Colleague: 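Have a look at this one.
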Amino acid sequence: MPELPEVETVRRGLEGPMVGRRLVRVVQNRPDLRWPLPEDFARRLTGRRVERLERRAKFILAHLDDSHVWMIHLGMSGRMHLDGATRPAGKHDHVVVETEDGTVVVYEDHRRFGIMDLFPEGELASHRLLKDLGPEPLSNRFDGAALSARLAGRKTPIKAALLDQKVVAGLGNIYVSEALHLAGISPRRLAASVAGARAERLAPAIREVLQAAIAAGGSSLRDYVQASGELGYFQHQWRVYDRGGEPCRTCGRPIARIVQSGRSTFFCGACQK
DNA sequence: AACAAGACCTGCATGC
DNA sequence: TGCATGCAGGTCTTGT
């Protein structure tokens with residue numbers, strides 16, 4: 001499910017039910033997700049109040065009243081459900097949290113590429129999963145100059161470079177293809193050659209695509225996106241992703257599908273140079 | 001240092 | 001109601 005727009009949608013959906021609320025019950029149904037959960041995870045989370053929900057890249061960071069951070073990553077298939085009080089238990093419901101007013105939040109992740117951690121707030125900046133992340137693309141510090149500086153010297157295709165969270169934080173396979181089409185840049189182009197005017201086109205294109213996707217509640221491919229259970233609908237606005245063989249919405253020529261570093265890329269050979 | 005490929009894990013669509 | 005194959009929104013680890 002989750003690239004930046006989907007994670008941001010989930011974060012927003014959790015804010016109302018969780019911020020300011022105490023967690024009165026925490027159930028951990030298995031010892032690990034992608035990695036082992038921290039020692040005493042459920043016990044340490046129980047009784048804490050959530051003060052703030054932040055997003056960094058594709059991570060949700062719940063700031064707790066004991067100056068710790070509950071970190072959540074949804075991996076490829078993670079979902080947060082708010083209807084845990086009524087939905088039947090699923091075999092991949094790995095963590096269940098109940099708030100003081102009875103909302104039952106379920107973390108479900110059948111592929112188990114997701115991550116959870118619990119650590120002191122003071123370790124945020126040095127956390128191994130956070131410390132090397134590139135700029136937030138929706139922050140005002142992200143622009144063409146910042147982008148081209150991070151692409152300089154890189155000999156990999158721009159598609160692969162944009163998937164690198166050290167270059168810019170939060171893009172994934174869908175939105176990289178989308179942003180490159182909007183910017184008119186070929187996914188095969190050498191990353192280092194995206195500088196000057198091209199970088200000045202690409203940075204705003206990335207922002208525009210992400211903002212439009214957030215406004216649509218993200219993209220729902222095979223499952224729900226929003227914590228509320230509603231579907232996102234940005235998939236109906238995809239310019240190229242998953243549209244191999246279909247006509248480019250700009251020029252009408254068929255969208256191409258290629259594989260780059262093992263992952264599908266979609267683009268229009270006529271519109272993207 | 002930077003890069004491509006492999007690894008992790010389950011479920012689903014497709015083709016036989 | 002089988003079985004094999006390939007693919008999927010991520011990112012860490014391995015080998016060059």
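In what follows, chains are A, B, ... by sequence order, proteins preceding strands, each numbered from 1. Bear in mind that the values here come from a model prediction, so they are computed numbers and not experimental data.
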Colleague: Tell me the interatomic distance from A/Asp109, atom CG, to C/dG10, atom C1', rounded to whole angstroms.
Modeller: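 Result: 11 Å.
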Colleague: Within the side chain of A/Asp93, is there an N or O that forms a donor-acceptor pair under 3.5 Å with the backbone of A/Val106?
Modeller: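 A pair under 3.5 Å: no.
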Colleague: Respond yes when some side-chain nitrogen or oxygen of A/Ser77 is under 4.0 Å from OP1 or OP2 of C/dG9, and no when none is.
Modeller: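 So the side chain of A/Ser77 is outside the cut-off, no N or O lying under 4.0 Å from OP1 or OP2 of C/dG9.
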Colleague: Tell me the interatomic distance from A/His127, atom NE2, to C/dT11, atom P, rounded to whole angstroms.
Modeller: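 In whole Å, C/dT11 P and A/His127 NE2 are 14 Å from each other.
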Colleague: Rounded to the nearest 0.5 Å, what separates atom CZ in A/Arg48 from atom OG in A/Ser67?
Modeller: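 Atom-to-atom, A/Arg48:CZ and A/Ser67:OG are 10.0 Å apart.
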Colleague: Are there over 12 heavy-atom neighbours, none belonging to A/Arg253, within less than 6.0 Å of that residue's CZ?
Modeller: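 Counting neighbours around CZ of A/Arg253, 12 or fewer heavy atoms of other residues, nucleotides or ligands fall under 6.0 Å, so no.
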Colleague: Atom pairs under 3.5 Å, N or O on each side, protein against nucleotides 12-15 of chain C: can you list them with distances?
Modeller:
from: C/dC12; atom 1: O4'; to: A/Arg34; atom 2: NH2; distance (Å): 2.8

Colleague: If you walk 5' to 3' along DNA chain B, what is the first nucleotide with an atom under 4.0 Å of a heavy atom in chain A, and what is the last?
Modeller: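 For DNA chain B, the relevant span reads B/dC3 to B/dG11.
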Colleague: Do any N or O atoms from the side chain of A/Arg22 and from the backbone of A/Val24 form a donor-acceptor pair under 3.5 angstrom?
Modeller: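 Pair absent, no side-chain N/O of A/Arg22 close to backbone of A/Val24.
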Colleague: Is the shortest side-chain N/O distance from A/Arg263 to OP1 or OP2 of C/dC7 below 4.0 Å?
Modeller: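 Negative; the distance criterion is not met.
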Colleague: Nearest whole Å is fine: how far is C/dT11 P from A/Leu33 CG?
Modeller: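 Distance check: A/Leu33 CG to C/dT11 P gives 15 Å.
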Colleague: Identify whether the distance between the nearest side-chain nitrogen and carboxylate oxygen of A/Arg55 and A/Glu136 falls below 4.0 Å.
Modeller: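 Judged by the 4.0 Å cut-off on N to carboxylate O distance, A/Arg55 and A/Glu136 do form a salt bridge.
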Colleague: Are A/Gln165 and C/dT11 close enough that a side-chain N or O sits under 4.0 Å from OP1 or OP2?
Modeller: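 So the side-chain polar atoms of A/Gln165 do come within 4.0 Å of the phosphate oxygens OP1 or OP2 of C/dT11, strictly under.
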Colleague: Kindly say whether A/Arg21 contributes a backbone atom to a donor-acceptor pair with the side chain of A/Asp101 at under 3.5 angstrom?
Modeller: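 A pair under 3.5 Å: no.
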Colleague: Look at the side chain of A/Glu8 and the backbone N and O of A/Lys58, then say whether any donor-acceptor pair between them is shorter than 3.5 Å.
Modeller: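 No, because the side chain of A/Glu8 does not come within donor-acceptor range (under 3.5 Å) of the backbone of A/Lys58.
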Colleague: Does the A/His94 side chain pair with the main chain of A/Asp109, one donor and one acceptor, at a distance under 3.5 Å?
Modeller: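 Between the backbone of A/Asp109 and the side chain of A/His94 there is a qualifying donor-acceptor contact (under 3.5 Å).
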Colleague: With no hydrogens and no angle check, is any side-chain donor or acceptor of A/Gln260 less than 3.5 Å from a backbone partner on A/Lys159?
Modeller: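 No; judged by distance alone, with no hydrogens or angles, the pair does not exist.
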Colleague: When you look for runs of 3 or more Watson-Crick or G-U pairs in a row, both distances below 3.5 Å, which of them include DNA chain C?
Modeller: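 Stems for DNA chain C, defined as runs of 3 or more consecutive pairs: B:2-8 with C:10-16, B:10-16 with C:2-8.
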Colleague: Establish, with yes or no, whether the OP1 or OP2 oxygen of C/dG10 is under 4.0 angstrom from a side-chain nitrogen or oxygen of A/Lys58.
Modeller: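 Looking at the OP1 and OP2 atoms of C/dG10, one of them is under 4.0 Å from a side-chain N or O of A/Lys58.
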